[in-house]
2 protein chains.
Amino acid sequence: MTKRKAPDIVVGRLPLYLRMLNQLVAEGRSTTNSQELGDRLGISAAQIRKDLSYFGGFGKYGAGYDVMYLRDQLRRILHLEQTWPVVLVGAGDLGHALANYRGFTTSGFDIAAIFDNDATKVGATIGQHEVQDVARLEKVIQEQDVKIAILAVPAHAAQTVADRLVAAGVRGILCYAPVILKVPPEVKVQYIDPVARLQHMAYYVGNGGDAA
Amino acid sequence: MTKRKAPDIVVGRLPLYLRMLNQLVAEGRSTTNSQELGDRLGISAAQIRKDLSYFGGFGKYGAGYDVMYLRDQLRRILHLEQTWPVVLVGAGDLGHALANYRGFTTSGFDIAAIFDNDATKVGATIGQHEVQDVARLEKVIQEQDVKIAILAVPAHAAQTVADRLVAAGVRGILCYAPVILKVPPEVKVQYIDPVARLQHMAYYVGNGGDAA
DNA sequence: ACGTGTGAATTAGTTCACAGCT
DNA sequence: AGCTGTGAACTAATTCACACGT
């Protein structure tokens, strides 16, 4: 069981560990160790052991980790034994790319519905889904008990939509809009901001020095 | 001038500050202060002052910051006074969305060329650009002195393409593929992994507790 | 003998609190 | 009087190094 509350930064690395374990499974490997995982992820072996120790002891003394067992444990810790229904708000180019992306399904998430407020987009089919009017947002969230949303709307609309998502019961928002959302403390927001990442890189590229 | 080498985590926040200053300019504001910036970004005022102090003193004692001046200083620090040409590799759904995204242009970046290795995609027009055969990658990078690339190819191709980018002179890679790239230390890589972010959120949503 | 799991040591990052400048 | 800029204090994160179990 959980010993002490794991720091957020540790939780954030667990998906990387899970991804590597899935890869090792795909390669047919049955055991690994913290050294190998660290080498392949660019993380120190000590950090991997320490991170895992927040959630329990998953290794065999002297023998490393059983790949499938550790993979299953990480899935359990991250609550990925279930498939999470996710609503996608915004059916622009980004919404299209996200809706067609196959990686979500294989990782514990299923796009349950796509919404847009643009009448010319409503009714269109993207992947398996018909774009619905955003007016139906609350209804769908409640009917399907959706807890996680992906926000792919323009910046000016993001807060308004986020408020509605939260009011309807959503507890996690993956936000692609370049704004800081105001949400209550029980709601977790993650931001994806490629412009900020490019600007961060430009600092080092422009300095010509070592990429810290 | 730069005092001590700024930590990477500090550099990573500068784009957020810049974004907020751009917003304040758009709102017609001429001055601000660390308290206001912090409130709007969800960051402590002390942290903002400390972060800026790595690069110099930009405020007026007792009077906060001149919005435009600080904005310009951040642009200079991040090397955004120039427009960076960027190559985009991968013309799938994600490549489409990135190529059509307007936010890059207004933030210091310009997509100089789009590449794909799929003959059925080469020659297609996306936004302003014709998709080129990836065979021309090195030639274009060298001719246009491209230092930054966006990698939107499948995971299995990412390392190979990254190696070619680096060999051709690219010093910063924004990687959308779910792999850890092996690059020399002078190359900066930033990863965008929505699946990992969703899994990170699932931990908290599944725990039902406070979103750390 | 081996690699985990973990307190201890170290290093990094954040916040405090106030001197200093306008 | 007010808000910045910053050393000092504090907190968080990482790495060390070794006891431990198989």
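Below, all heavy atoms of this structure are taken into account, side chains as well, without hydrogens, waters or symmetry copies. Every chain is numbered from 1 and lettered A, B, ... according to where its sequence line falls, protein lines coming before strand lines.
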Contact pattern, 5' to 3', of nucleotides 9-18 of chain D - B, S or - by protein heavy atom under 4.0 Å: ----SSBBB-
Taking only Lys NZ, Arg NE, NH1 and NH2, and the carboxylate oxygens of Asp or Glu, determine whether [X] and [Y] approach each other closer than 4.0 Å.
X	Y	answer
Asp8(B)	Lys188(B)	yes
Glu81(A)	Arg71(A)	no
Lys147(A)	Glu186(A)	no
Glu143(B)	Arg136(B)	no

Using OP1 and OP2 only, check whether a side-chain N or O of Ser34(B) sits under 4.0 Å from dC3(D).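 Checking Ser34(B) against dC3(D): no side-chain N or O falls below 4.0 Å of OP1 or OP2.
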Derivation of the side-chain contact (heavy atoms from CB on, under 4.5 Å) call for Trp84(B) and Val146(B): CA-CA 8 Å; Trp84(B) 293 90; Val146(B) 174; over 6 Å; no
I need the [atom1]-[atom2] distance between [X] and [N], as an integer number of Å.
X	N	atom1	atom2	value
Phe58(B)	dC21(C)	CZ	C1'	17 Å
Lys5(B)	dA12(C)	NZ	C1'	13 Å
Asn33(A)	dC2(C)	CG	P	12 Å
Gln35(B)	dT15(C)	CD	C1'	13 Å

Shortest non-hydrogen contact from Ala158(B) to Val179(B)?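 Looking at all heavy atoms of both residues, the closest pair is CB-CG2, 3.7 Å.
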Before giving the answer on side-chain hydrogen bond (donor to acceptor under 3.5 Å, both in side chains), spell out for Asp51(B) and Gln47(B) the whole-Å C-alpha distance, their side-chain angles and the decisive distance to 0.1 Å. CA-CA 6 Å; Asp51(B) 284 356; Gln47(B) 178 150 82; 4.7 Å; no
Please list residues of residues 61-69 of chain B whose heavy atoms come under 4.0 Å from any atom in DNA chain D, ordered by number; otherwise none.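 Contacts with DNA chain D under 4.0 Å: Tyr61(B), Gly62(B), Ala63(B), Gly64(B), Tyr65(B).
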Using side-chain hydrogen bond (donor to acceptor under 3.5 Å, both in side chains), reason through Tyr65(A) and Asn33(A) one step at a time and then give a plain yes or no. CA-CA 5 Å; Tyr65(A) 301 94; Asn33(A) 57 51; over 6 Å; no
